[in-house]
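First comes the structure, then the notes that go with it.
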Amino acid sequence: MPKNTNFKQVEAKWQRRWEESGIFDAEPRGGAKKFFLTVPYPYTSGPLHIGHGRTNTVGDIIARFKRLQGYNVLFPMAFHVTGTPILAIADSISKSEGEVVKLYKEYVSIYEGGDAASAARVEETVRSFTDAARVAEFFAARISEDFKRMGYSIDWRRKFNTTEPIYNKFVEWQFKKLYDKGVIKKGKYPITFSAADNSPVGEDDIEEGDTNKVSIVEQTTVKFEVSDGSGSYLVAATLRPETIFGVTNLWVNPTAKYVKVKVRVRAGEEIWWVSKEAAEKLSYQREGVAVLEGETEEEGGFFLGKVVKVPVAGGGREVPVLPASFVDADVGTGVVYSVPAHAPYDYIALEDLKRSGVLKRSGVLKRLGVLDAEIEPIKIIEIEGYETGLPAKEICERLEIKSQADEERLEEATQTIYKDEFYRGVLNEKCGEFAGVKIAEIKDEVKEWLKRENKGDVFYETSRKAVTRGGGKVVVAVLQDQWFIDYTPSWWKERGHKLVDGMTFYPAKYKAYMHEIIDWLTLRPCARKRGLGTRFPFEQGWVIESLSDSTIYMALYTVAHLLRGLPVESLTEDFFDFVFLGIGDAEALAKAAGVETGVEASVLKRVQEEFKYWYPNDLRHTAPPHLSNHLVFFLMHHAAIFPERCWPRAITLNELMIREGRKISKSKGNVIPLAKVSELYGVDLFRLYCAINADFASVVNWREQDVDALGRRFNAVVELFEDSLTAECATVERATVERAKGLREDELTHADRWLLSRFYRTLKETVERFAAFRIRDAGINLVFNLMNDIRHYEQRASVERRKRLVRCVLEEWLVVLSPIVPHICEEFWERLRLQLQRQRSHDSFVSLQRLPEVKERFIDDRVEREEEFLAALVADIKEILRVARISPKPRKIYIYTAEQWKWEIFKAVKDLPEREKIRKAVRVRGRKGEEKSTVDFVKQLVKSKSGLEYFELVEAEVLEREKEYLKGEFGCEIGVNEEHDPLGKRRFAIPLKPAIFVEGG
RNA sequence: GCGGGGGUUACCGAGAGGCCAAAGGUGGCAGACUCAAGAUCUGCUCCCGAAGGGGUUCGCAGGUUCGAAUCCUGCCCCCCGCACCA
């Protein structure tokens, strides 16, 4: 910890001052360029952690930098409440579900902990969470505190949440616009559903739904007519409809229960046999499904020995129904068709049967007229790599699978064969019109054909067995009248592409990616039956879904604080049309609205003006996972609703944050709440780490070790600042910026000039990098590189001189550094101001400064080259001392600079290819008898790395000037170009690389 | 499988034809300071070297080039999306 700076106090002090002074409250300003930056609002279901901190911090850094560039910056924030998760939390807490209650007690304790009464307060708060609105309210309030504590320069006056009336009105307006464009549509849609709750379920409702996602899998059902004259069908479900041509039998589980259901199909009604479980699922997926009561429930054994018709190839082929233990009545229809040539399960089950002799004894084969023969697999897919015959057989042998009880390896075999056959397999001649086509290309066609021929249908299954947190079974239901947004119209896609073309993406690769996403977009459900949010305006009972309601809300920021003063009833479609699209006339609108609400035309104009001032959204900053959902909707909805001048200008994306090399997640137990950052690390250090540890395209790895190391660096910077403010330093020179610079230029030593040159060069680069969003490079420059230069300078000059010189550039340094570590910069800015108040008055906030002018005249190549020359020389001497083991101290060091003729040759050959150098050199020197030394020199020159780059320098002069420094550095006498040269080293000197002779002690 | 990103000297991580034995950081070693520890500073940290040099390195194997960590070809491996599955 630096001597005179308490980070926590500094943070609190400046956060208070920023808030009191309202300097980040953005108002339209005539003349000023505006910059409107947004970062997606946080979801208020719980506390944010440091991972969320990265994106928001980077957003703030950009906002602050843009202010320094002179923009009038609007950086607003709001809170996302819409959707089911918060509702699910409230439900769980209402039901006193232990885990959820415990988790939320933990969450609340982050904020409410710390004293004796806290337990009771936490208890009470969590109890209030039975009301979803309280959950959102509580966390919205805490998150905004967190953000303030992170030093974010947000205009909080414009905050809102996504369930409040102004937002509802706004979203309603958006949907009306989309509806008018004809893209809001209705259709069928499968969802995960809980029968027990008679309600759709999302990730948050499902047990372990967050860690082990449940998705919806589309299976194909195939109907096999039972050959008993009943006209009923055994209905098998499959993920591989293309294998229908290779069916040899059906499988049922002999111990499972099967029922007859009446099913309405296109042609009328049919009787299906499926497992009891499947019958229930079907009832959620189709209309007109009825289980036939009474006599129809049978165990699987009922079917054994029966024969069914395969519905392809004319429908004539008959196959037996056989028992298999691997069939799960609760997966699919509980009936599986068997393709032993290509499905490892089927192959092994058949082998099991053959081995046990059941098959022969059952007599079923006899009935089929295949006396004594066994059932033979039918191979229908040709694939390289499975040469010996049957793929299923081959892989079972390869994996040494012996029976259907070996489920683990059977799974593996199934996976492998699926992938191989899907991508490389080709249907063979047994597959009729589909023969000769790759599975990957034909699968869907077979599926469609089965449906078309009324031989097959669709059945949805969950990707794994799942239950809700309440214990209810999760099944797939098909909503018959789901509302969608249809992104397929070509006018829309074209506008979307055009919008993207006109934008900047950083990293740039995401631009092409976004074009692709737009092409892929099709239908997107946009309303749900439950959850918090805006009522769907076109049908009762639906709520607008949470990604669909947060697409163009940036527009609302521009006017949210103004809308608050208006009656909600006045926020009509006409109102928003006027404000956002400039449709209509303020007076007329005021008159129409004014009758009931009294909103004056001048107010309407003011609202419209503010929108027009701030829009478009100049930059949206977020993380890549948003690209294929939120961001594409953000862009497409702008493309649909707004005129081109209101289209977003840029998107920047930073990767996520991990901790100690691992993903940050609740289940890993490695979450650090954002609220703890100040206490554990300090906010400025956190911000610096976010800025410096990785560029946008890379993951930030939060490693304690690295954080500590950076903390030490940061402390060193702060101490450096402190040092330069000490009284001595100030009195020595009265080192005001003006006068120090005016250390009259003739007073500046070479080292002084060097440091100033380094500083201004760095400053210039830093600003360029900042402007290109290369925040990491900018930060590294400002902290690491400058500190290294200063350390070097200190050794060249002195600590005292360093303090004075740093003092000269401190002000400018603070300004450019302030976007990253604003608190400490404000603090030193103020200390400077207090120190200098008699000579100069500063503005009170570094946050409100402009980027310093780069003093080009201090950027001096010559000075830097001289210093490099010197540093290389010092390094060479050290190397010699080390290798020659001259210690402790040499008696004297002799330095010999290159003779003039060498410089002449150097200059003459510098740009020539190596082959020509020698010839040219000999010609330039032009003296007989000197050829050998000339050639030796050129050879040396070619070998020497430092000599390669030509730069004119009067070496002896520099050395004379720096003699004292060299003496100090090596603690001995230094001789420059003296006669004494016992080992004849002089002749090895080349330009910029003097020869050296060290006389040992 | 498709798309994207990678594999660099103990670790993290820059570098994208010559100025590269390769920034910076971490860790390690030695020294300075200190009663001591910590912090800080200095030096070293691929191998050899009693003179600033030489040798071998940037996933593997080839190639282009006067010259390759950097460009090309093939291969192996890892990560992330998506798809496909279960």
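A, B, ... follow the sequence lines: proteins, then strands. Residue 1 opens every chain.
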Partner set under side chain to side chain donor-acceptor pair (under 3.5 Å) for Thr462(A), not counting sequence neighbours | none
Can you list the residues that meet the side chain to side chain donor-acceptor pair (under 3.5 Å) rule with Trp702(A), with sequence neighbours excluded?
-> Tyr681(A)
To the nearest Å, give me how far apart [atom1] ([X]) and [atom2] ([N]) are.
| X | N | atom1 | atom2 | value |
| --- | --- | --- | --- | --- |
| Ile990(A) | G52(B) | CD1 | C1' | 11 Å |
| Glu218(A) | C84(B) | CD | P | 10 Å |
| Glu655(A) | C79(B) | CD | P | 16 Å |
| Ile658(A) | C12(B) | CD1 | C1' | 11 Å |
| Tyr689(A) | G25(B) | OH | P | 15 Å |
| Leu873(A) | G52(B) | CG | C1' | 10 Å |
| Leu710(A) | G25(B) | CG | P | 12 Å |
| Asp708(A) | G27(B) | CG | C1' | 13 Å |

Base-pairing assignment for [N] (Watson-Crick or G-U wobble, both under 3.5 Å):
| N | result |
| --- | --- |
| G1(B) | C82(B) |
| A21(B) | none |
| U26(B) | A10(B) |
| U64(B) | none |
| U70(B) | none |
| C46(B) | G55(B) |
| C35(B) | none |

Within the structure shown, what part of the strands sits under 4.0 Å from [X] by heavy-atom distance: base, sugar-phosphate, or nothing?
| X | value |
| --- | --- |
| Lys443(A) | sugar-phosphate |
| Tyr513(A) | sugar-phosphate |
| Pro994(A) | base |
| Val998(A) | base |

[N] versus [M] - spacing of their [atom1] atoms, nearest Å:
| N | M | atom1 | value |
| --- | --- | --- | --- |
| C85(B) | C76(B) | P | 26 Å |
| C46(B) | U42(B) | C1' | 23 Å |
| G81(B) | C47(B) | P | 40 Å |
| G15(B) | C58(B) | C1' | 10 Å |
| G7(B) | A61(B) | C1' | 16 Å |
| U65(B) | A51(B) | P | 39 Å |
| A68(B) | C20(B) | C1' | 11 Å |
| A22(B) | C80(B) | P | 35 Å |

Please identify each residue that fulfils salt bridge (Lys or Arg N to Asp or Glu O under 4.0 Å) with [X], with sequence neighbours left out.
| X | result |
| --- | --- |
| Arg761(A) | Asp861(A), Glu864(A) |
| Lys920(A) | none |
| Arg987(A) | none |
| Arg862(A) | Glu866(A) |

Give each protein N/O atom lying under 3.5 Å from an N/O atom of nucleotides 37-43 of chain B, with the pair distance.
| from | atom 1 | to | atom 2 | distance (Å) |
| --- | --- | --- | --- | --- |
| U40(B) | OP1 | Arg712(A) | NE | 3.1 |
| C41(B) | OP1 | Arg791(A) | NH2 | 3.0 |

Counting only side-chain heavy atoms from C-beta out, which of [options] sits nearest to [X]?
| X | options | value |
| --- | --- | --- |
| Asn788(A) | A51(B), G24(B), G53(B) | G24(B) |
| Phe784(A) | G52(B), G25(B), G27(B) | G25(B) |
| Phe988(A) | G52(B), A51(B), G27(B) | G52(B) |
| Gln705(A) | G52(B), A51(B), G27(B) | G27(B) |

What string of B, S and - do you get for nucleotides 5-11 of chain B, 5' to 3', when a contact is any protein heavy atom under 4.0 Å?
-> S-----S
Cut-off 3.5 Å, side chains only: do Asn654(A) and Thr55(A) have a donor facing an acceptor?
-> yes
Charged N to carboxylate O under 4.0 angstrom, Glu867(A) versus Arg758(A)?
-> no
Would you mind telling me which residue lines up with the more 5' stretch of RNA chain B, Ala709(A) or Asp695(A), judged by nearest nucleotide?
-> Asp695(A)
For Thr462(A) and for Ile996(A), find the nucleotide of RNA chain B with the closest heavy atom, then tell me which residue's nucleotide is more 5'.
-> Ile996(A)
Minimum side-chain heavy-atom gap Leu427(A)-Ile381(A) below 4.5 Å | yes
Steps toward salt bridge (charged side-chain N to carboxylate O under 4.0 Å, His left out) verdict (Lys281(A), Glu277(A)) = CA-CA 7 Å; Lys281(A) 292 176 193 169; Glu277(A) 291 84 346; over 6 Å; no
I'd like a table of donor-acceptor pairs (distance under 3.5 Å, sequence neighbours excluded) in which one partner is a side-chain atom from residues 512-522 of chain A, with atom names and distances.
| from | atom 1 | to | atom 2 | distance (Å) |
| --- | --- | --- | --- | --- |
| His515(A) | ND1 | His497(A) | ND1 | 2.8 |
| His515(A) | NE2 | Asp501(A) | OD1 | 3.0 |
| Asp519(A) | OD1 | His497(A) | NE2 | 2.8 |

Check the pair Asp981(A), Tyr894(A) against side-chain contact (heavy atoms from CB on, under 4.5 Å), reporting the backbone distance first and the verdict last.
-> CA-CA 8 Å; Asp981(A) 179 20; Tyr894(A) 297 87; over 6 Å; no
